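As the structure is a prediction and not an experimental result, all values here were calculated from the model. Convention: sequence-line order gives letters A, B, ...; per-chain numbering from 1.
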Amino acid sequence: MSEVLVIKKRKDFLRVAAKGKKVSALALILQAARNLSSQGNPPRVGYTATKKLGKAHIRNRCKRRLRAAVRIVFPTLALPDTDYVLIGRYNTAEIEFQRLVHHLKKALIEINRELSGNDKILAENIDSAADISD
RNA sequence: CAAGGCGGCCGGACAGCUGCGCUUAGGAAAGCAACAUCCAUAAGUGAGGAAAGUCCGGGCUUUAAGGAAACAAAACACCAGAUAACGUCUGGCCGGGGCAACCCGAGGGAAAGUGCCACAGAAAAUUACCGCCGAUGAAAUUCCGGUUUUCCGGUCCAUUUCAGGUAAGGUUGAAAAGGCGAGGUAAGAGCUCACCGCGAGGUCGGUAACGACACUCGGUCAAGGUAAACCCUGUUUGAAGCAAGACCAAGUUAGGAGGCUUUUUUCCAAAAAGAAGAAAGACAACGGGGGGUUUCCAACCCGCUCCAGAGGUAGGUCGCGAUGAGCCGUCUGGCAACAGUCGGCCAAGAUGAAUAGCUGUCGCUUUUAAGGGCAGGUUUUCGUGCCUUUUAGAGUACAGAACCCGGCUUAUAGGUCGCCUUGUUUU
RNA sequence: GUACCCGUAGCUCAGUUGGAUAGAGUAUCGGCCUCCGACGCCGAGGGUCGUGGGUUCGAAUCCCUCCGGGUACG
């Protein structure tokens, strides 16, 4: 129920970046894509910290703070069968932690809404295709 | 007390909540068992002085698993020592800087050769433009003698010119071929001499670099700089790198050319040789392969070699951390780097990458604002300087292991300890 | 991990081999031209030669160290 797996494969990161939705918040960027290969999987999350953020210890700090925020937010709000990718921004290591959590929550709710809307469109397309075949 | 030099150490602490990696133990399901897997389980453990840059040196692994010689390429270069090794470290020498403590130095060879040295300057390397001289030699004038003159002879004195001598002087330049004084000369010059400097030898001290000397000799004293220009001399070095490499699992492909031995079939055929096809094989023979190049000796691998094509895009385990040039302490030797003896200890092991996130309290630093005290200015208000504690604020660095060690280099808030130098004051 | 390249005016680049003037185009500014603007013409300013050392009489250039950016291979 509250389990969150970690994305580790480069292939998965590229798939989410190419096919998913993207939402920018103050201190982070959230990407998300449905993973419909099999049903009933817990949500998965990956973290990205580019060289633009700083040197190695700053990038590690960004990932740790994002991970701590995810521990608070994701178990209740993340959708199953979905891959999320969190990208750090220039102020991820500096911003107050409460605001970081707040922005992550907002971004997650917004992207979930977009994803579910996308699902509806998909469902409509499937329905119309079924109509045509009929 | 102030200023400075050198070296060492630390580089936030505590508490709470929520979490992570690894090891060990325990448990769970399946299974003959083990490994792997899982866990609201327990215990232990979990970044640095630079983990950084990747600039050197090694271990380790593979490569041809050996040796010798020559060549090429690269690096290094005062001397001695330390070290597994080093371009590192220690001590010394020399040169330079600083009043000093102390610091800095890629510091062999320029009489092996080649190249380069702009502008300026006579000249940038066996030079000779100006200048000086013109003793010597020649010519002319003059002069002297002879002669009526023309002219003849001579060259002691003087002048000019030429041959020539010279490197003292010459607005330069980063750099101009010892310095200074005297003698000397036509003018000059180590041409000669004294002193200083320089070179060679000797003696003494030192392992040596090198130093000292009232020692001896040297005036063809040798004729500039540049080798982080080519180069010469000496020393060292094979190459690639943990994505090294070993094993396991999954999956894909299309062949062609050339070639060794044996057996066999067909053609020609008495047979052999030859041509074509098939099968098998690796003792020998044969062929092929590879070190930066070549040669020699020795040895190895493959039975195939070369060309082409297909798939894959990195799955798992080991390598990989509890035995190492390891860490801490004592003692001994050494000026020191370091070496040795004895005792104790085991201390991260990840792989989209753990070692943390948040909160609170305290500590430290700093200056700002408010308050307090002192000094002295001023009629007062007031502002100035110093000190102090309280409150509030700000700051609390550089930075994250990735196979492992030894160094180097670079970044770094602040704190702390020791030794030393100079100045001032006091005793 | 290894190998290598680049950094020069606001911008794009020469000059670096072989040491001695820091240059070109463009942009900016001023003037001329035009009724005005563009184009054109004339002129000017603008440089720690990425940083810090060293060698040398002299360094953008040679050597070393750092900083920033980039490329290739596995």
Side-chain angles (χ1 to χ4, degrees):
Chain A
M1 39 151 270
S2 64
E3 199 180 10
V4 178
L5 297 180
V6 178
I7 298 175
K8 293 189 174 182
K9 298 283 186 200
R10 175 173 173 78
K11 211 192 288 182
D12 294 333
F13 281 88
L14 292 178
R15 189 179 59 78
V16 173
K19 300 189 176 175
K21 296 283 182 182
K22 183 170 114 182
V23 169
S24 296
L26 180 61
L28 55 92
I29 295 171
L30 180 63
Q31 294 176 328
R34 290 256 126 147
N35 184 6
L36 300 171
S37 57
S38 58
Q39 294 288 326
N41 288 323
R44 303 196 301 167
V45 62
Y47 309 92
T48 294
T50 65
K51 254 185 187 173
K52 213 190 303 178
L53 294 182
K55 298 200 171 185
H57 73 282
I58 295 175
R59 299 203 297 270
N60 284 351
R61 186 180 179 82
C62 289
K63 286 193 197 177
R64 286 197 297 257
R65 298 193 76 179
L66 289 174
R67 219 175 278 137
V70 163
R71 251 201 324 276
I72 294 172
V73 174
F74 267 49
T76 55
L77 292 176
L79 299 175
D81 296 324
T82 308
D83 288 348
Y84 297 92
V85 171
L86 281 165
I87 301 172
R89 301 188 73 182
Y90 63 98
N91 55 357
T92 304
E94 305 292 330
I95 194 173
E96 289 171 26
F97 188 71
Q98 291 303 321
R99 296 178 66 194
L100 182 64
V101 170
H102 175 69
H103 286 296
L104 175 62
K105 202 181 288 182
K106 271 173 62 181
L108 185 59
I109 291 169
E110 184 178 344
I111 206 163
N112 283 343
R113 194 187 308 129
E114 287 192 19
L115 279 176
S116 50
N118 199 8
D119 276 3
K120 282 177 189 168
I121 292 166
L122 273 176
E124 286 172 6
N125 286 348
I126 289 168
D127 289 345
S128 58
D131 291 342
I132 288 167
S133 66
D134 281 346

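- Figure legend. B/G251 is base-paired to no nucleotide; pairs are counted as Watson-Crick or G-U wobble with both atom distances under 3.5 Å.
- Within the shown strands, B/A82 is the pairing partner of B/U88 under the Watson-Crick or G-U definition, both distances less than 3.5 Å.
- B/U166 and B/G131 make up a base pair, with Watson-Crick or G-U wobble contacts both under 3.5 Å.
- Helical stems of RNA chain C (runs of at least 3 Watson-Crick or G-U pairs, donor-acceptor distances under 3.5 Å) are listed by first residue: C:1-7 with C:67-73, C:10-13 with C:23-26, C:28-32 with C:40-44, C:52-54 with C:62-64.
- To the nearest angstrom, P of B/C20 lies 15 Å from CZ of A/R64.
- Across every strand in view, B/A246 sits in a pair with B/U317 that passes the Watson-Crick or G-U test at under 3.5 angstrom.
- B/A348 and B/C327 have their P atoms separated by 14 Å, given to the nearest Å.
- Across the strands present, B/A25 finds its partner in B/U41; the criterion is a Watson-Crick or G-U wobble pair with both atom distances under 3.5 angstrom.
- Using a 4.5 Å cut-off on side-chain heavy atoms (C-beta onward), A/V70 and A/Y84 make no contact.
- In this structure, B/G178 and B/C196 make a Watson-Crick or G-U wobble pair, each of the two defining distances being under 3.5 angstrom.
- When both distances must be under 3.5 Å, the Watson-Crick or G-U wobble mate of B/A322 does not exist.
- Distance A/N60 CG to B/A356 C1': 11 Å, rounded to the nearest Å.
- Rounded to the nearest Å, the gap between the C1' atom of B/G57 and that of B/G46 is 31 Å.
- Comparing the same atom, P, in C/G43 and in C/G25 gives a spacing of 12 Å after rounding to whole Å.
- The distance between atom CG of A/L66 and atom P of B/A353, rounded to the nearest whole Å, is 12 Å.
- Applying the Watson-Crick and G-U wobble criteria (two distances, each under 3.5 Å), B/G238 pairs with B/U63.
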